[in-house]
*Asks:* 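Before I ask anything, let me first share the structure, which is written out below as structure tokens.
Whatever order the structure lists ligands and atoms in, that order sets their numbers, starting from 1. Note that the numbering runs from 1 along the sequence shown for the chain.
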Amino acid sequence: MKLIIAIVQDEDSARLVSTLMDEGFSVTKLATTGGFLKAGNTTLLIGVEDAKEKTCLGIIEKVCKSRKQIATSPVSLGGANGMYAPYPIEVTVGGATVFVLNIEEFIKI
Ligand code: 2BA
């Protein structure tokens with residue numbers, strides 16, 4: 001068995017959860033925050049049989065789109081007073097950041 005941890009954009013999460021559920025996967029949805037953009041994203045925990053791993057990854061790939069977002073990075077204004085100004089930079093986020101873990105035991109008590 002595998003645990004698929006998928007970090008996706010909030011915009012894709014509702015469609016991804018409903019598509020996975022329609023295909024018979026069990027999903028847990030967590031509200032999370034990205035460290036770089038400090039913006040909300042969604043982390044899904046999906047426990048799957050080994051034989052279903054590729055199907056699950058295919059659904060994630062199909063549903064999750066990459067998008068451009070503007071982040072503000074502080075830029076030094078120089079001088080001794082250590083002042084910084086926000087500077088906008090464009091980053092491409094997603095489709096999805098996915099970790100696949102081997103599961104030793106799956107227990108429901
Ligand atoms: P954030 O950390 O908010 O990152 C959002 C996007 O900003 C990233 O998109 C990437 O394009 C860019 N980015 C991140 N760190 C950067 C840096 N140090 N310099 C320049 N640009 C940077 P994604 O790579 O698609 O990641 C989307 C979200 O997935 C991340 O949100 C984070 O929540 C999660 N994530 C990505 N890689 C991860 C990892 N290795 N471990 C844990 N979470 C990860």
*Asks:* Does the side chain of L16 come within less than 4.5 Å of L44's, by heavy atoms?
*Replies:*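 Result yes, sub-4.5 Å side-chain heavy-atom pair found.
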*Asks:* Mind checking the NZ-CG spacing from K2 to L57? Nearest 0.5 Å is all I need.
*Replies:* 10.5 Å
*Asks:* Does the side chain to side chain contact (heavy atoms under 4.5 Å, CB included) test come out yes or no for I7 and T42, once each step is laid out?
*Replies:* CA-CA 6 Å; I7 303 164; T42 298; over 6 Å; no
*Asks:* Distances for all N or O pairs of ligand 1 and the protein under 3.5 Å?
*Replies:*
unit_1: ligand 1; atom_1: 2 (O); unit_2: G35; atom_2: N; d: 3.2
unit_1: ligand 1; atom_1: 2 (O); unit_2: F36; atom_2: N; d: 2.9
unit_1: ligand 1; atom_1: 3 (O); unit_2: F36; atom_2: N; d: 3.4
unit_1: ligand 1; atom_1: 3 (O); unit_2: L37; atom_2: N; d: 2.8
unit_1: ligand 1; atom_1: 11 (O); unit_2: T92; atom_2: O; d: 2.7
unit_1: ligand 1; atom_1: 25 (O); unit_2: G94; atom_2: N; d: 2.7
unit_1: ligand 1; atom_1: 29 (O); unit_2: T97; atom_2: OG1; d: 3.4
unit_1: ligand 1; atom_1: 33 (O); unit_2: N41; atom_2: ND2; d: 3.0

*Asks:* Can you find a pair of side-chain heavy atoms, one from C56 and one from L20, that are under 4.5 Å apart?
*Replies:* yes
*Asks:* Can you measure from CE (M1) to CD1 (I4) and round to the nearest 0.5 angstrom?
*Replies:* 10.0 Å
*Asks:* Would a 4.5 Å heavy-atom cut-off, applied to side chains only, mark Q9 and R67 as touching?
*Replies:*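 Q9 reaches R67 side chain to side chain.
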